[in-house]
Amino acid sequence: MALILHAANTNTNALKILIVAEYSGVKVELDLNFEMNVTNKTPEFLKLNPIGKVPVLETPDGPIFESNAIARYLTRIKPDNTLFGSSLIDYCHIEQWLEFTSVEIYGNIVIWFKPRDGRAVYLPQVEEAAISGLKTALRALNTYLASNMYLVGHFVTLADIAMACYLYKGFTKLLTKSFTSMFPHVERYFWTLVNKPNFKKILGEVKQTETVPPVTSTKNPSNQPKESSKSEPKDEVKKEEPTKPKTEIGEEEEAPKPKPKNPLDLLPPSKMILDEWKRLYSNTKTNFREVTIKGFWDMYDPEGYSLWFCDYKYNDENTVSFVTLNKVSGFLQRMDLARKYAFGKMLMFGSEPPFKVKGLWLFRGPEIPQFVLDECYDMELYDWKKVDITDEDQKERVNQMIEDHEPFEGKPLFDAKCFK
């Protein structure tokens, strides 16, 4: 018998279970005919879960409800599964974070979101308490993640899957960039996880919400006073309110504003065509220094572009190679907003930990674009130094970084990544 998951395909807890199944190598089939508030009220479903809640997993040994119980079941099917850690203390820490995630993170997100989704009465004091509680939890999480890649150990565990899925609800429905920017390590953690293949297979491309949804109703319909069957004559005639001339724009209505142009698009034209440089870099397979490096300096326009070295501030923390790679990969993913205006090389080197991370970036304009500094929190994790192209030593360092020269600074490369 196949494992069948009964839930809507947008249910947050169902998404968590499906990601656990991917990591566990267990096939779980989603009930594609499931319809919330219809299927879960049928006698057949109530035999699976007598209170009609979802998700429910049908197994050969009987049904399981409650999403964390289902997740635990899936992780235990295969004995070598690392989602529950490799020791008793790992197991306990994973359970600890599962409780924290469910209560402190998801609980407050749900309280905040339901009235704005029309599923609960809006009470300002309740919303304020939920937002305050969520901020407290995120501050604690942010502090922890400042020195930890994952919640437990050096690999994704069940705790990370639950945390990412509950944050996914927040990031896509409520938590705008201005809110999450207060918690940069949480942002790094979230975007790193949701871009991993097993997450991406279930969640697809994740986009952060740009606005908090408005409250649909501030009153509980059941508490509304009933209209009197008697109406006084004076209520029958209503004065017409004067309408504003159509040509006027009142204080409550603003004329639509055109989308502002990126300041970099307003710079004087440059002789350097960034796409041409990227094509040259990508298409050159032999004689790299003679063709690509020479071509770069022939194209480079110091008035229209600037070159920058970056040095990761916390290289002493880079004790695990794949964690270091994940940090750099996450940085490059979040730099996507600058793809039209930038080219970058990131080198990771050293034969043993701690590994070093250094980079070279080409940006449109004389300085690092302000929108990049504002939107990509990774920028503050690096020391930045503008390249002096009149200094031959710095110029040669640029050449070496573009061509992934090895050894670099006397040490072997263990990886190099390009942003183009």
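Model, not experiment: these values are computed from the prediction.
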Ring-face cation of Arg364 near Tyr305 (centre distance under 6.0 Å, axis angle within 45°): yes
Pairing residues for Tyr382 by the ring pair (Phe, Tyr, Trp, His ring centres under 6.0 Å) criterion, not counting sequence neighbours: Tyr312, Phe331
Would Val110 and Asn108 count as a side chain to side chain contact (heavy atoms under 4.5 Å, CB included) here? Give the steps. CA-CA 5 Å; Val110 169; Asn108 285 311; over 6 Å; no
Derivation of the side chain to side chain donor-acceptor pair (under 3.5 Å) call for Glu317 and Ser147: CA-CA 8 Å; Glu317 298 177 0; Ser147 56; over 6 Å; no
Does Arg139 qualify as a cation-pi partner of Phe183, given the criterion of NZ or CZ under 6.0 Å from the six-membered ring centre and within 45 degrees of its axis? no
Arg72 charged N/C atom sitting above Phe84 aromatic ring, 6.0 Å / 45°: no
Which of Met401, Gln400, Arg397 passes side chain to side chain contact (heavy atoms under 4.5 Å, CB included) with Leu360? It is Met401
Ion pair check, Asp275 and Arg279, cut-off under 4.0 Å: no
Do Arg119 and Asp117 meet the salt-bridge criterion of a basic N to acidic O distance under 4.0 Å? yes
Please lay out, stage by stage, how Asp160 and Tyr189 fare under the test side chain to side chain donor-acceptor pair (under 3.5 Å). CA-CA 9 Å; Asp160 297 299; Tyr189 169 79; 2.7 Å; yes
Quick one: do Trp297 and Asn399 satisfy side chain to side chain donor-acceptor pair (under 3.5 Å)? Show the steps, please. CA-CA 10 Å; Trp297 291 115; Asn399 296 343; 2.7 Å; yes
Are Lys200 and Glu205 within salt-bridge range, i.e. N to O under 4.0 Å? yes
Is any side-chain heavy atom of Lys294 less than 4.5 Å from a side-chain heavy atom of Met299? no
Could you tell me whether Arg334 and Glu187 make a salt bridge, using a distance below 4.0 angstrom between a side-chain N and a carboxylate O? no
Centroid separation Phe296 to Trp277 less than 6.0 Å: yes
Any idea which heavy atoms bring Ile64 and Ile70 closest together, and the distance? O-CD1, 3.5 Å
Is Glu127 paired with Arg116 through a side-chain N to carboxylate O contact shorter than 4.0 Å? yes
Check Asp265 with Lys340, please: is the shortest side-chain N to carboxylate O separation under 4.0 Å? yes
Taking only residues two or more places apart in sequence or in another chain, which ones pass ring pair (Phe, Tyr, Trp, His ring centres under 6.0 Å) with Tyr106? Tyr166
Minimum heavy-atom distance Asn33-Thr39, with the two atoms named: O-OG1, 3.8 Å
Lys327/Asp378 ion pair, N-O < 4.0 Å: no
Ring of Trp112, cation from Lys173 - is the NZ or CZ under 6.0 Å from the centre and inside 45° of the axis? no
Please determine if Glu406 and Lys411 form a salt bridge, counting it only when a charged side-chain N lies under 4.0 Å from a carboxylate O. no
